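The next block holds one structure in the form of C-alpha cells; read it before the comments.
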Amino acid sequence: MKKAIEIKTGDITGEKVCAIVNAANSSLMGGGGVDGAIHRAGGHAILEECREIRERRYPDGLPTGEAVATTAGAMDASYVIHTVGPVYGSCGNACESLLASCYRNSLNVALELGCKDIAFPAISTGIYGYPKEEAACIAYRSVKQFLNQGHEITVYFVFHNDQDRTVFEESIRGLQGL
Ligand code: AR6
C-alpha cells in the first residue's frame, strides 16, 4: 500500500499525479519560482483559465490562503491547484494559519476533483521568505491533520533540491507521531 505522505526531490512540473500545487500570487498571472516553472511547462492554457477565474470569481485577486484549480495543460498532471502563500513578515500572527490554510484548502479542492494524489512544493519558502524550518512544521501538521480526518489521498512533498528536503525532514522529525 502507498504511504499517505511521501517526500521527494525534483521538479514538481514532472510529477505524474492528479494535482500539482502552485505557489502562486494573488494575481494568478504567473511569476517566478515554481509558478514560472508551472506556467512554462503547462503552456498558455493555464494562464487563460486563470484569467477566467479572475474575471468570474476573484476580480480583486485570489486571497492569501485560498486555492483554485485549473487544468495542467501540457504537463502529466490533470490539474494545477493554485494557492497563495503568505509573504513572511507581512501578516504577523496570522501567517501560520494562512500557510496552513493553503495546504488544507488545496487538499479540499483536490478531493472535490476526485484526486487520489497531490504534490506540494514548499509554499512561501522561496520569494515569499518563510523560514524553511517553520514552514515545514506548519505544512506537515496541516497535511497530517487533514489525513487524520480519514481522507484517502497520497500527499507528495516535492523539494527542488536535496538540501531543502533535508531541512524539511529534520524539521518534522519531532512531529511524526501526530
Ligand atoms: N519544483 C519544485 N519546487 C520548486 C520549483 C520546481 N520546479 N521551483 C522552485 N521551487 P517560490 P513562494 C521551490 O519562490 O515563496 C512567484 O513569483 C523553491 O525552491 O516559487 O511561495 C509567485 O508568482 C521554494 O522552496 O514560491 C509569487 O509571486 C518553493 O518552491 C511568489 O513567487 C517556493 O518558492 C511566491 O513565492
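Values below: every heavy atom of this structure, side chains too, minus hydrogens, waters and symmetry copies. Owing to the predicted nature of the structure, the values given are computational and were not obtained by experimental measurement. Both counts, for ligands and for their atoms, begin at 1 and track the order of listing.
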May I ask you to identify the nearest protein heavy atom to [atom], giving residue, atom name and distance to one decimal place in Å?
atom: atom 10 (N) of ligand 1; value: H160 ND1, 3.7 Å
atom: atom 7 (N) of ligand 1; value: D11 OD1, 2.9 Å
atom: atom 29 (C) of ligand 1; value: A122 O, 3.3 Å
atom: atom 26 (O) of ligand 1; value: A23 CB, 3.7 Å

Please report whether ligand 1 has a polar contact with [X], defined as an N or O pair separated by less than 3.5 Å (distance criterion only).
X: V34; answer: yes
X: S124; answer: yes
X: G32; answer: yes

Determine whether the aromatic ring centres of residues Y156 and F120 are separated by less than 6.0 angstrom. no
For the aromatic rings, using the six-membered ring if either is Trp, is the centroid distance between F157 and F168 under 6.0 Å? yes
Intermediate values then yes/no, salt bridge (Lys or Arg N to Asp or Glu O under 4.0 Å), R51 and E55: CA-CA 6 Å; R51 255 190 246 285; E55 278 172 25; over 6 Å; no
Measure the CD1-CD1 distance between I7 and I172 for me, rounded to the nearest 0.5 Å. 4.0 Å
Looking at ligand 1, does T13 have a heavy atom less than 4.0 Å from it? no
For atom 18 (C) of ligand 1, state whether the nearest protein heavy atom is under 4.0 Å away. no
Go through the steps to decide whether E49 and T71 satisfy the test side-chain hydrogen bond (donor to acceptor under 3.5 Å, both in side chains), and finish with yes or no. CA-CA 8 Å; E49 287 179 57; T71 56; 2.3 Å; yes
